[in-house]
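As structure tokens, the structure follows; a few thoughts come after it.
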Amino acid sequence: IDYIELANVGSLLDADLNLKYDADYWRAKMKEIKTILDAEGMRVWSVHMPFSKSIDISILQEDERIKVINAHLQLAEVLALLKPTFLLFHPSYYLEVNRREERIAQLVASVNTLDQELNKLDMQVVVENMLGPELTVGAQERPLLRTIAECEYVFAKLPPRVGLAVDMCHIMHAELLIVKFGSRVKTLHVSDCVGFGERHYLLCTQQGKNNWNLILEALDKINYTGVFMYECKFTDEKELKECYDLLRMNYNHYKLNNKRI
């Protein structure tokens, strides 16, 4: 394992979305983490930025949206010491019914600001596709970027530098999304998908429905050179390497048996 994604960074914030301690305290903590990672020859590839109803970058109330963006920028300043390549954002939390276009406008405004400010810190914004087998769940709508079509619609409004993080637990046939977005696919969340819920199965348990040969073929097709970043359940880290090796072996057999003549 050469790279990790850092998560749970929302724990650095208090209920008012300010740092729990001052920035110097957190900078010291990040330096400690960096020392450990350097000693192990590992790097932070990405940071999964916090998300919830109260820290939603598409929130409709403008004063709340600005507060959310400022919280993310406070976090980014201390996280920059770890030199992550990407900061990964959810496009939204669950939505009010029939407010989708307004939410998209707020998302676009937030991503524009984040893109400009994080570029100064030598970090790139990526936005993750979300789960969407149907539009509504009870009395609310599912988060933004729930389909390939909606991903295309929204990303056409975002700065070209902003990348897509393909979450394979959020979409059936992730290979279609990968090919559609091509070089704009910057990172992955790898787990097995059942199409209707956040199961995050380890790939080789065969509990999900993803076709890994087609997914790896799609990644080859777009010349993806990023990290194969797991976001799944496991018992021992060794399982991740063993599973990856098995996937590659199966894919090599698949290529041999499906040579184009």
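Numbering of residues begins at 1 and proceeds along the displayed sequence.
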Show me, pair by pair, the donor-acceptor contacts under 3.5 angstrom made by side chains of residues 232-240, not counting sequence neighbours?
residue : atom : partner : partner atom : Å
Lys233  : NZ   : Arg199  : O            : 3.2
Asp236  : OD1  : Lys238  : N            : 2.8
Glu239  : OE1  : Thr235  : N            : 2.9

For the [atom1] atom on [X], are there more than 12 heavy atoms of other groups (residues, nucleotides or ligands in this structure) within a distance under 6.0 Å?
| X | atom1 | answer |
| --- | --- | --- |
| Glu134 | CD | yes |
| Asp22 | CG | yes |
| Phe51 | CZ | no |
| Tyr21 | OH | no |

Subject >> Single hit among Glu217, Met168, Arg248, Glu175 for side chain to side chain contact (heavy atoms under 4.5 Å, CB included) with Trp212 >> reply: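 Exactly one option meets the side chain to side chain contact (heavy atoms under 4.5 Å, CB included) with Trp212, and it is Met168.
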**OP:** For a side chain to side chain contact (heavy atoms under 4.5 Å, CB included) with Val162, tell me which candidate from Val108, Leu114, Val111 qualifies.
**Re:**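 Going through the options one by one, the only one that passes is Val111.
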Could you check whether [Y] and [X], counting side-chain N and O atoms only, form a donor-acceptor pair closer than 3.5 Å?
| X | Y | answer |
| --- | --- | --- |
| Ser46 | Glu5 | yes |
| Arg142 | Thr136 | no |
| His200 | Glu198 | yes |

Do side-chain atoms of [X] reach the backbone of [Y] as a donor and acceptor pair under 3.5 angstrom?
| X | Y | value |
| --- | --- | --- |
| Ser92 | Pro143 | no |
| Lys241 | Ile1 | no |
| Asn119 | Asp115 | no |

**OP:** Spell out, with a plain yes or no, whether Cys243 and Cys204 have SG atoms under 2.5 Å apart.
**Re:**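 Answer is yes, sulfur atoms closer than 2.5 Å.
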Looking at [Y] and [X], is any side-chain nitrogen of the basic one under 4.0 Å from a carboxylate oxygen of the acidic one?
| X | Y | answer |
| --- | --- | --- |
| Lys209 | Asp192 | no |
| Glu77 | Arg27 | yes |
| Arg43 | Asp38 | no |

Subject >> Inter- and intrachain pairs under side-chain hydrogen bond (donor to acceptor under 3.5 Å, both in side chains), touching residues 218-227, at least two apart >> reply: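 Listed once each, the pairs are Asp220-Tyr251.
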Original post:
Between His90 and His170, what is the ring plane arrangement, given parallel below 30°, perpendicular above 60°, and tilted in between?
Top reply: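 Ring orientation, 0 to 90° scale: perpendicular.
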Original post:
When the ring planes of His189 and His48 are compared, do they come out parallel, tilted or perpendicular, using 30° and 60° as the limits?
Top reply: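 It falls in the parallel class, under 30°.
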**OP:** Return the set of residues passing salt bridge (Lys or Arg N to Asp or Glu O under 4.0 Å) with Glu141 (not counting sequence neighbours), or none when no residue passes.
**Re:**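 Glu141 satisfies salt bridge (Lys or Arg N to Asp or Glu O under 4.0 Å) with Arg100 only.
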Subject >> Atom pair CH2 (Trp45) and CD1 (Ile4), whose distance is rounded to the nearest 0.5 Å >> reply: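 With rounding to 0.5 Å, CH2 (Trp45) is 13.5 Å from CD1 (Ile4).
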**OP:** Report the distance from atom CG of Leu164 to atom CD of Glu152, rounding to the nearest 0.5 Å.
**Re:**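 Atom-to-atom, Leu164:CG and Glu152:CD are 10.5 Å apart.
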Subject >> Working for ring pair (Phe, Tyr, Trp, His ring centres under 6.0 Å), residues Phe228 and Tyr244 >> reply: CA-CA 9 Å; Phe228 196 79; Tyr244 181 77; 5.0 Å; yes
Subject >> Six-ring centre of Phe155, Lys157 cation under 6.0 angstrom, axis tolerance 45° >> reply: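 Verdict for Phe155: no cation-pi partner in Lys157.
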